[in-house]
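Below is one structure, written out as structure tokens, with a few remarks after it.
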Amino acid sequence: MPCSIRDVAKKAKVSVATVSKALNGYQDISEETRKHIQEVADELNYIPNASARNLSAKNIKNVAIIASGLIEEDQIDEFSMALIKGAYKYISNLDMTIAMYSITSEDQEKRSFDQFCKEYSLSGALIMGLKTTDNYYKNLKQSKIPYVTIDVKVDSRVGGSVVTDDEKAFEEITQYVIDKNHKNLVLIYGRKSAFVTLNREKGFKNALRRNNIDFKNVTKIYSEFMEEETYSQVKKLLIENGKNIGTAFICMSDLMAFGAIRAIKECGYKIPKDFSVTGYDGMSFIKYVEPNITTVNQNMVQKGYEAAKLLSDMVENNSESKSINVDYQLVLGESVKKL
């Protein structure tokens with residue numbers, strides 16, 4: 001049977017609280033007492049419970065990645081995993097522990113962000129997948145616990161954010177397509193309530209206005225950033241309208257671009273001979289797609305890294321909240337034809 005902290009306290013002839021303080025680096029314990037307790041703990045092969053230790057240690061900070069909507073969606077895409085990788089890459093080098101929690105919209109209704117953090121003894125959290133309709137988006141403004149949101153800004157004294165300039169980036173890729181003489185466009189939206197969707201739409205409209213193209217004439221598809229949903233809707237439109245649907249599909253994610261490409265090919269058309277396609281995100285799988293997709297690389301690992309770095313600074317140094325823009329790159333593939 002494993003040795004408990006009570007066993008250590010009994011043999012060392014001190015209280016449980018004194019053992020906890022000695023093993024967790026508290027300064028109000030004499031060096032002699034600390035050494036004695038450590039010797040007893042080693043003798044008994046006592047292994048502290050990580051969760052309990054984190055609750056009591058003054059020198060260890062618990063932070064977490066809170067992923068909203070991860071369970072509710074049918075896929076865990078590379079974008080999410082790259083963000084998580086970047087965050088762990090930074091936090092793993094610090095005197096911090098990091099956990100990951102997946103929450104649903106219903107979970108957010110049951111307890112506030114601050115309540116969640118207190119329940120799990122979190123000093124701060126990195127939040128991804130947040131939607132404008134989420135309860136956390138509403139109550140984060142009153143939070144007293146440091147947080148960093150990814151791809152959404154929530155103004156408050158203790159909250160930071162790490163974003164891509166989606167409006168500028170999407171305007172740039174749309175302008176690239178228009179410069180190839182495409183005027184009859186198909187816009188494939190992401191999640192309606194997502195900030196990135198709204199900002200990318202703004203960039204799209206900016207490019208259209210500059211080139212005197214009426215937004216009303218654009219064919220629009222909503223597919224929640226889902227590959228299969230995009231595939232189904234694009235295939236249906238192609239069967240019904242053929243090449244009359246437009247000349248270029250401008251997609252708000254690489255996954256949706258891949259779904260569109262599948263549908264186009266299955267309907268007997270070629271890219272970019274019959275239709276041009278662009279993506280957004282810079283996922284690694286696109287280099288295996290033929291032809292290579294023109295896209296925007298968001299530097300997702302770097303985004304997760306910067307988010308964790310900002311959160312650490314806010315937790316450790318009580319630094320002021322701020323918003324960080326991560327650089328992006330327009331990556332030119334072979335999926336856009338000049339008309």
Side-chain angles (χ1 to χ4, degrees), residues 73-75 77 166-167 169-194 196-281 283 285-286 288-296 330-339:
E73 297 182 356
D74 295 329
Q75 58 194 13
D77 58 55
D166 285 301
E167 182 175 344
F170 212 78
E171 180 177 349
E172 187 173 334
I173 197 169
T174 302
Q175 185 62 53
Y176 172 79
V177 174
I178 294 173
D179 287 343
K180 295 289 185 178
N181 298 323
H182 292 272
K183 309 293 182 185
N184 194 0
L185 307 175
V186 180
L187 177 61
I188 301 186
Y189 280 85
R191 191 180 300 111
K192 289 183 180 181
S193 55
V196 294
T197 299
L198 301 175
N199 288 330
R200 291 170 198 177
E201 182 190 57
K202 289 178 183 177
F204 182 81
K205 288 181 176 179
N206 291 342
L208 262 60
R209 279 194 295 270
R210 185 187 302 117
N211 295 275
N212 298 314
I213 300 174
D214 193 340
F215 181 69
K216 294 179 181 178
N217 295 330
V218 174
T219 300
K220 305 167 187 70
I221 297 173
Y222 292 90
S223 55
E224 299 291 310
F225 289 117
M226 294 295 180
E227 176 194 338
E228 287 300 323
E229 180 67 18
T230 304
Y231 162 79
S232 298
Q233 292 203 47
V234 171
K235 187 172 184 178
K236 181 175 182 293
L237 283 174
L238 287 173
I239 292 172
E240 294 174 351
N241 302 283
K243 295 185 72 173
N244 293 326
I245 190 175
T247 62
F249 291 82
I250 299 182
C251 308
M252 290 192 179
S253 79
D254 289 338
L255 274 174
M256 295 193 298
F258 184 59
I261 288 173
R262 283 178 52 211
I264 291 168
K265 289 182 176 180
E266 283 194 19
C267 288
Y269 299 107
K270 294 183 178 181
I271 300 163
K273 180 182 177 181
D274 299 307
F275 296 101
S276 293
V277 179
T278 64
Y280 195 100
D281 285 335
M283 291 189 177
F285 76 82
I286 62 173
Y288 303 110
V289 178
E290 293 185 2
N292 290 337
I293 303 173
T294 292
T295 188
V296 169
L330 177 62
V331 180
L332 302 181
E334 301 167 341
S335 61
V336 180
K337 171 186 176 182
K338 186 169 185 177
L339 297 179

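For this chain, numbers begin at 1 and follow the sequence in order. Keep in mind that what you see is a predicted model, and the values were worked out from it rather than measured.
Between atom CD1 of residue Ile178 and atom CZ of residue Arg210 there is a gap of 8.0 Å, rounded to the nearest 0.5 Å. A distance of 7.0 Å separates CG in Asp179 from CG in Asn211, rounded to the nearest 0.5 Å. Taking NZ of Lys236 as the reference point, atom CD of Glu240 lies at 3.5 Å (rounded to 0.5 Å). Between Ile239 atom CD1 and Ile245 atom CD1 the span is 11.0 Å, to the nearest 0.5 Å. Atoms CD and OH, on Glu201 and Tyr189 in that order, are 3.5 Å from each other to the nearest 0.5 Å. In this structure, Met252 CE and Thr278 OG1 are separated by 10.0 Å, a value rounded to the nearest 0.5 Å.
Here the options are Glu266, Glu228, Glu229, the test is salt bridge (charged side-chain N to carboxylate O under 4.0 Å, His left out), and the partner is Lys235; only Glu266 passes.
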Worked verdict on Thr219 versus Leu187 for side-chain contact (heavy atoms from CB on, under 4.5 Å): CA-CA 6 Å; Thr219 300; Leu187 177 61; over 6 Å; no

side-chain hydrogen bond (donor to acceptor under 3.5 Å, both in side chains) assessment of Asp254 paired with Thr295: CA-CA 7 Å; Asp254 289 338; Thr295 188; 2.7 Å; yes

Evaluation steps, side-chain contact (heavy atoms from CB on, under 4.5 Å), between Asn292 and Ile286: CA-CA 6 Å; Asn292 290 337; Ile286 62 173; over 6 Å; no

Test log, rule side-chain contact (heavy atoms from CB on, under 4.5 Å), inputs Val234 and Phe249: CA-CA 9 Å; Val234 171; Phe249 291 82; 3.9 Å; yes

Residue pair Thr247, Leu339: steps toward the side-chain contact (heavy atoms from CB on, under 4.5 Å) verdict: CA-CA 9 Å; Thr247 62; Leu339 297 179; 4.1 Å; yes

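Using a 4.5 Å heavy-atom threshold, the side chains of Ser276 and Val177 count as separate. Contact of the Ser335 side chain with the Thr294 side chain is registered, since non-hydrogen atoms from C-beta on lie closer than 4.5 Å. Contact annotation: the side chain of Leu208 approaches that of Val218 to within less than 4.5 Å [non-hydrogen atoms, C-beta and beyond]. The shortest distance between side-chain heavy atoms of Tyr176 and Lys180 falls below 4.5 Å.
Summarising the geometry of Val277 relative to Ile293, their closest heavy-atom pair is O-CG2, 4.3 Å, with the distance given to 0.1 Å. In plain terms, the two heavy atoms of Leu238 and Cys267 that are nearest each other are CB-SG, 3.9 Å. When every heavy atom of Ile221 is checked against every heavy atom of Gln233, the shortest pair comes out as CG2-OE1, 3.4 Å. Of all the heavy atoms in Val186 and Gly246, the pair that sits closest is CG2-CA, 4.5 Å. When all heavy atoms of Ile173 and Gly279 are compared, the pair lying nearest together is CD1-O, 3.5 Å. Taking both residues in full, the closest heavy atoms of Ala248 and His182 are given as CB-ND1, 3.7 Å, listed atom of the first, atom of the second, then distance.
A donor-acceptor contact closer than 3.5 angstrom is absent between the side chains of Glu167 and Asn199. Side-chain contact check for Gln175 and Asn206: no donor-acceptor pair (N or O, by modelled atom type) lies under 3.5 Å. Inspection of the Asp281 and Ser253 side chains reveals no N or O donor paired with an N or O acceptor under 3.5 Å.
Put simply, the side chain of Asp274 never gets that close to the backbone of Tyr269: no donor and acceptor are under 3.5 Å apart. The backbone N or O of Asp166 lies less than 3.5 Å from no partner atom in the side chain of Arg200, so there is not a single donor-acceptor pair. Thr174 places no side-chain N or O within donor-acceptor distance of the main-chain N or O of Ala207, the cut-off being under 3.5 Å. The backbone N or O of Ser223 lies less than 3.5 Å from no partner atom in the side chain of Thr230, so there is not a single donor-acceptor pair. At distances below 3.5 Å, at least one donor-acceptor pair connects side-chain atoms of Thr197 with backbone N or O atoms of Arg191.
Ring geometry for Phe170 versus Tyr280: interplanar angle of 30 to 60°, hence tilted.
Cation-pi geometry between Lys220 and Phe215 is met: under 6.0 angstrom from the ring centre, within 45 degrees of the axis. Stacking of Lys192 on the aromatic ring of Tyr222 is recorded, both the 6.0 Å distance cut-off and the 45° axial limit being met.
Between Arg262 and Glu227, at least one side-chain N (NZ, or NE/NH1/NH2) sits under 4.0 Å from a carboxylate O, which counts as a salt bridge.
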